[in-house]
Q: 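Below you'll find the structure I mean.
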Amino acid sequence: MEKLKDKVAVFIGGGSAVASVALRYFMEEGAKVLQVDIADRYLERTADLREQYPERIRTFLGACTSQEEMDAAMKYAADTFGRIDILCNFAGFHGAGDATQALRSQWDMAMDVTCLGIYRAVLAVYPYLKEQHGGRIMNFTSIGGRANRGVSITYAASKAAAIGLTRALALELAPDNITVNSMAPASLDTSSFERIPEKGSIPHEPPKGVLKGGPGAVRGGSFIPDRPVATLDEIAHVIVFMCSDDSAFLTGDCLDVNGGQYMQP
């Protein structure tokens, strides 16, 4: 326990389902966290945790589509907690549309949030990590950016771009002892969280003939018996590892947490 004792983390997209569960584990491991999201309604999910840890969790309204707001968020975290050690980028945009229907607005939003959003957050946090000569950056991506799973093309392309950006950043920031990694989970069990519609998103249905998954390799699901999806707790454990000293020799990598789905043809 307390693998993150006294570490300060900034969660971009901190009100997402995954980030909300990860926040609980970060508290158990002794961290301090600034949750950054675009609206109060996302942050309502963690109100109980903020009441339990009022001195170790703070919130900030800001969008990863704005460099000024990312800069302000990092300054607030450093001013409030005295330092920044960890950046977790959870923000993303699903978008919609197949190859013949995807709107330019969906392309712009997907790339602006999912890929450029990571870049803006890293650009904002870099001076703080460089000054203390070290830190961890974790970018939350998806198997949709690694393999064909019937997701919208805007989502697949932006997640793949985020994985590539992760590698490029890892190479550039290595001299400052800053590690940069991504994780690409498959389907997750978010049934306990009400889905909040994304601003500008359009519902997406997989192309005809694409199987939606389930247990068994032939269906594109997990190889693990009776485990078609991962729990958010399992994903949170991996995030803690990626942000702790246990992952000190890991950089430029993408951790595939998918029950074996990525190795399927």
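Just the heavy atoms: all of them, side chains too, but no hydrogens, waters or symmetry mates, feed the values below. Please read these numbers as outputs of a predicted model, since none were measured by experiment.
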Q: Does the distance from a Lys or Arg side-chain N to an Asp or Glu carboxylate O, for K3 and D245, drop under 4.0 Å?
A: no
Q: For I57 versus L49, what's the shortest heavy-atom pair and its separation?
A: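 Taking every non-hydrogen atom into account, CD1-O, 3.7 Å.
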Q: Within a 6.0 Å radius of atom CD on Q132, are there more than 12 heavy atoms belonging to other residues, nucleotides or ligands?
A: yes
Q: Kindly indicate whether the side chain of M27, heavy atoms from C-beta on, has any atom under 4.5 Å from the side chain of V33.
A: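 Yes. Closest side-chain heavy atoms under 4.5 Å.
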Q: Nearest 0.5 Å, please: how far is CG in L43 from CD1 in I38?
A: 10.0 Å
Q: Is there a path from V113 to M111 through hydrophobic residues (I, L, V, M, F, W, Y) whose side chains come within less than 4.5 Å of each other?
A: no
Q: Where is the tightest heavy-atom contact between M138 and M242, given as atom of each residue plus distance?
A: CG-CE, 3.6 Å
Q: Indicate every side-chain donor-acceptor pair of residues 58-67 with a distance under 3.5 Å to a residue at least two apart or in another chain.
A:
| from | atom 1 | to | atom 2 | distance (Å) |
| --- | --- | --- | --- | --- |
| S66 | OG | E68 | N | 3.4 |
| S66 | OG | E68 | OE1 | 3.4 |
| S66 | OG | E69 | N | 3.1 |
| Q67 | NE2 | D71 | OD1 | 3.0 |
| Q67 | NE2 | R120 | O | 3.1 |

Q: Should the ring pair F140 and F90 be called parallel, tilted or perpendicular, given that the plane angle runs from 0 to 90° and is split at 30 and 60?
A: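 Judged by the thresholds at 30° and 60°, the geometry between F140 and F90 is tilted.
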Q: Can D85 and Y128 be counted as having a side-chain donor-acceptor contact under 3.5 angstrom?
A: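 No, because no side-chain N or O of D85 sits under 3.5 Å from a partner of the opposite role on Y128.
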Q: Is there a side-chain contact between I137 and L173, using heavy atoms and a 4.5 Å cut-off?
A: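 I137 reaches L173 side chain to side chain.
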Q: Dump the intermediate steps for side-chain contact (heavy atoms from CB on, under 4.5 Å) on V240 and F26, then the final yes or no.
A: CA-CA 7 Å; V240 168; F26 270 60; 4.0 Å; yes
Q: List in chain and number order the residues that pass ring-ring contact (aromatic ring centres under 6.0 Å, His included) with F81, two or more places apart in sequence or in another chain; answer none if no residue qualifies.
A: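 Applying ring-ring contact (aromatic ring centres under 6.0 Å, His included) to F81 gives none.
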Q: Taking only Lys NZ, Arg NE, NH1 and NH2, and the carboxylate oxygens of Asp or Glu, determine whether D233 and R24 approach each other closer than 4.0 Å.
A: yes
Q: With a 4.5 Å heavy-atom cut-off, do D253 and R167 have their side chains touching?
A: no
Q: To check you understand the geometry: which heavy-atom pair defines the closest contact between C254 and A184, and what is its length?
A: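 Result for this residue pair: SG-CB, 3.6 Å.
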Q: Got Y42 and S20 here, is their nearest side-chain heavy-atom distance under 4.5 Å?
A: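 No, their side chains stay 4.5 Å or more apart.
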Q: Between A161 and C115, which heavy-atom pair has the shortest distance, and what is it?
A: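 It is CB-SG, 3.8 Å.
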Q: May I ask you to test the F241-L250 pair for a side-chain heavy-atom distance under 4.5 Å?
A: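 They are in contact (side-chain heavy atoms under 4.5 Å apart), so the answer is yes.
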Q: Are any non-hydrogen side-chain atoms of Q35 and L23 less than 4.5 angstrom apart?
A: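 Q35 reaches L23 side chain to side chain.
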Q: With a 4.5 Å heavy-atom cut-off, do I178 and Y126 have their side chains touching?
A: yes
Q: Find out whether T114 and K159 are in side-chain contact, i.e. whether some heavy atom of one side chain is under 4.5 Å from a heavy atom of the other.
A: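 Contact flag for T114/K159 side chains = yes.
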Q: Does OH in Y119 sit with more than 12 non-hydrogen atoms of other residues, nucleotides or ligands closer than 6.0 Å?
A: no
Q: Step through it carefully: locate the ring centre of Y155, locate the ring centre of F93, and say whether they are under 6.0 Å apart.
A: no
Q: I'd like to know whether V10 forms a side-chain contact (heavy atoms from CB on, under 4.5 Å) with I12, so could you lay out the CA-CA distance, the side-chain angles of the two residues, the decisive distance to 0.1 Å, and finally the verdict.
A: CA-CA 6 Å; V10 178; I12 306 300; 3.8 Å; yes
Q: Answer with yes or no whether the side chains of S244 and E29 bring together a donor and an acceptor at under 3.5 Å.
A: no
